[in-house]
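Working notes for the structure below.
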Amino acid sequence: MADPIGQVRAGARAFRMISGMWIRSTLTYRASFAMTTVGNFALTGLEFVGILLMFSQVDRLGGYSLPEIAFLYGTAGAAFGLADLFAGSLGRLGTRVRDGTLDAFLVRPAPVLAQVAADRFALRRLGRVVQGLAVLGWSLLALDVAWTPVKVLLVPVLLISGGAIFSAVFMAGAAFQIVAQDAAEVQNAATFGGNAMLQYPPTVFGDNLLRGVTFVLPLAFVNWLPALYILDRPYPLDLPRSLAFAPPLVAAACLAAAGLAWRAALRAYRSTGS
Amino acid sequence: MSDTVVDEAVPGAASAAAFIEVDGVEKVFDVRRKAGFLRRTRHEVRAVDSLSFTVARGEMVGYIGPNGAGKSTTIKMLTGILTPSAGRLRVAGIDPSRQRARLAHRMGVVFGQRTTLWWDLPLIDSYRLMRRMYRIPDGRYAENLARCVELLELGDLLEVPVRQLSLGQRMRGDIAAALLHDPEVLYLDEPTIGLDVVSKVKVRAFLRDLNKERGTTVLLTTHDLTDIEQLCRRVMVIDHGRLVYDGELDGLHDLGGGERTLVVDLERELPPLDVEFARVVRVEGARQWLAFPAGQSAAPLVARIAERYPLADLSVREPDIESVIARMYARDASVAP
């Protein structure tokens with residue numbers, strides 16, 4: 001535990017091995033895999049169809065045009081999809097704590113977090129990522145934005161740090177589930193709920209909510225702040241525009257904090273049992 | 001390393017070759033109970049209390065006790081799943097809770113109640129993953145797997161998802177999984193629970209060979225005294241978190257095996273009955289346990305009791321682990337204040 005880099009490396013190795021096994025096992029039933037992935041893609045796509053229907057009645061939503069909304073939707077969806085792909089399994093940890101099967105992970109020579117995250121690794125969750133990226137791709141074509149090198153670079157940075165922030169939320173949620181055992185809904189509110197919120201512009205939400213997702217649970221850094229910079233839109237709460245470049249730092253801080261929470265929760269589990 | 005440790009293994013005595021060292025270990029759980037809206041009462045449960053023993057390398061030790069006595073808690077502490085509240089614990093010189101992953105390479109664990117295999121995947125997938133996770137050299141892996149497949153008769157089961165295996169098949173699969181990386185110590189928590197007679201015989205034979213040929217240290221908990229009789233020379237009995245017996249199996253037989261137990265339910269609570277040739281070993285409400293020599297018939301004893309006391313119901317128990325422990329506990333309670 002004293003060697004965080006060694007831990008991360010061991011975790012990455014374990015994650016690769018376990019997720020690889022699950023991928024191979026899913027691919028033995030190719031037809032079933034193809035169907036669930038397409039289903040996942042279509043199901044998440046329905047959300048965007050809802051937005052399109054809305055725009056058949058109005059020209060603007062919270063002052064934003066359809067391509068702009070699509071940009072927000074695509075960035076939030078793809079970032080969340082990435083987090084769900086790599087860390088979504090952490091959401092089911094509560095069940096393992098309750099039925100005691102977490103013990104099996106503790107007797108193996110690999111970091112527990114990686115084992116839980118890779119458990120039942122579901123490649124079909126790629127459907128959500130692909131769908132988010134497709135909407136994002138369309139919005140990039142349709143947007144009327146003066147692209148600069150900085151703005152272009154900011155798009156991949158946004159997706160990666162956004163995915164990392166959501167992953168940190170999944171981790172913190174898993175830590176909370178060890179302690180509270182039955183708190184999956186709290187985590188879902190922050191992850192799935194956060195994703196749904198970030199698909200709309202901040203102008204449709206109240207200031208208190210915006211303060212909460214900026215300073216408490218920093219979901220605003222997933223896409224709003226960098227995206228609004230790219231779209232040349234005013235910032236909510238009179239925040240400084242330099243915050244557009246903060247997401248990587250915020251993501252690193254969130255992961256570190258979630259890592260500490262996870263360690264503390266696991267220590268609590270090991271001193272109380274199930 | 002001494003080559004005679006197996007024969008020298010004196011129960012309870014600290015040996016220089018001690019492989020498992022448990023010294024004054026305690027485990028206290030903080031239990032919170034709901035006592036109305038938002039109110040919780042807290043109280044401590046002492047699952048393991050000042051537990052001390054050592055196990056030499058290559059020993060095979062039976063660890064028995066009634067439900068809730070602290071057996072599983074002990075195993076969880078030895079494997080690093082739980083951290084002791086107090087005391088010192090070492091396995092192969094390693095503190096399990098601090099160096100969990102390092103110790104994991106050197107130990108195998110089988111929980112009879114639940115599997116450590118990947119539930120939805122074929123058995124062989126779990127084994128392949130173990131091979132990579134434990135970094136087992138290819139030759140060793142092939143050899144160990146072949147051996148387990150042959151002796152535990154897993155040949156037809158390798159492609160079957162774990163969730164479709166019967167309890168006995170799954171248990172054999174779990175035992176194999178725990179042994180692929182050549183662990184120095186194997187913990188078995190109820191390895192024969194729910195198994196049919198044939199499976200039990202197979203599992204026992206396999207464990208005996210493993211201990212004899214590889215010198216694997218084995219600690220097993222069980223409810224089945226036959227497991228212990230056939231496998232272990234040494235047995236430890238735990239009750240209410242305390243070690244109440246640590247010694248040869250024969251000694252345990254002498255203590256509890258020479259007597260049968262008559263369990264009587266009276267119509268009301270009474271002080272311990274006073275009957276010839278029998279003594280009360282336990283009283284619990286209107287129920288009393290009377291021990292009497294195994295060679296004696298129960299009939300006259302029952303007649304005498306029925307004559308003098310308001311008898312509601314009764315049963316005779318052959319000497320089993322429960323009665324052995326009941327006696328042990330009675331003895332323990334009479335010595336301790």
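Just so it is clear: chains get the letters A, B, ... in the order the sequence lines come, proteins before strands, and each one is counted from 1.
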Revision key, fill the gap. Rounding to 0.5 Å, atoms CE (M133(B)) and CD1 (I18(A)) come to a distance of 4.0 Å
Review point. Would you say D207(A) has more than 12 foreign heavy atoms packed within less than 6.0 Å of its CG?
Key: yes
Check your understanding: What is the distance from atom OG1 of T116(B) to atom CZ of F105(A), rounded to the nearest 0.5 Å?
Key -> 10.5 Å
Check your understanding: Got more than 12 heavy atoms from elsewhere within 6.0 Å of CD1, I5(A)?
Key -> no
Practice item. Answer with side chain, backbone, both or neither: which region of M77(B) has an atom nearer than 4.5 Å to a non-hydrogen atom of chain A? Key: neither
Exercise for review: Identify the two heavy atoms, one from L121(B) and one from M21(A), that lie closest to each other, and give their separation to 0.1 Å.
Suggested key: CD1-CE, 3.1 Å
Exercise for review: For chain B, find which of R24(A), R120(A), R13(A) contributes the most heavy-atom pairs closer than 4.5 angstrom.
Suggested key: R13(A)
Revision key, fill the gap. Among D125(B), V109(B), D120(B), the residue with the most heavy-atom pairs under 4.5 Å to chain A is D120(B)
Review point. Can you tell me how far the CZ atom of R100(B) sits from the CZ atom of R108(A), to the nearest 0.5 Å?
Key: 10.5 Å
Check your understanding: Can you name the nearest heavy-atom pair linking A104(B) to P109(A), along with the distance?
Key -> CB-N, 3.5 Å
Study note, to complete from the structure: Whatever's closer than 4.5 Å to a heavy atom in chain B on L102(A) counts as neither
**Study point:** Options L129(B), T79(B), L103(B), ranked by heavy-atom pairs under 4.5 Å with chain A, top entry
**Key:** L129(B)
Revision key, fill the gap. Residue from R135(B), Q99(B), R102(B) scoring the most non-hydrogen pairs under 4.5 Å with chain A is R135(B)
Revision key, fill the gap. From the list Y134(B), W118(B), W119(B), the residue making the most non-hydrogen contacts under 4.5 Å with chain A is W118(B)
**Study point:** Which atom of R114(B) lies closest to which atom of D103(A), heavy atoms considered
**Key:** NH1-OD2, 3.4 Å
**Study point:** Heavy-atom pair of closest approach, residues L82(B) and Y269(A)
**Key:** CD2-O, 3.9 Å
Point to revise | Under 4.5 Å from any heavy atom of chain A - which part of T115(B) | key: backbone
Review point. Within a radius of less than 6.0 Å around CZ of R214(B), do more than 12 heavy atoms belonging to other residues, nucleotides or ligands occur?
Key: yes
Review point. Got a donor-acceptor contact below 3.5 angstrom from the R267(A) side chain to the T83(B) backbone?
Key: no
Check your understanding: By a 4.5 Å heavy-atom criterion (distance strictly below it), what part of P96(B) contacts chain A: side chain, backbone, both, or neither?
Key -> backbone
Point to revise | side chain to side chain contact (heavy atoms under 4.5 Å, CB included), paired with M17(A), selected from R128(B), R132(B), R131(B) | key: R132(B)
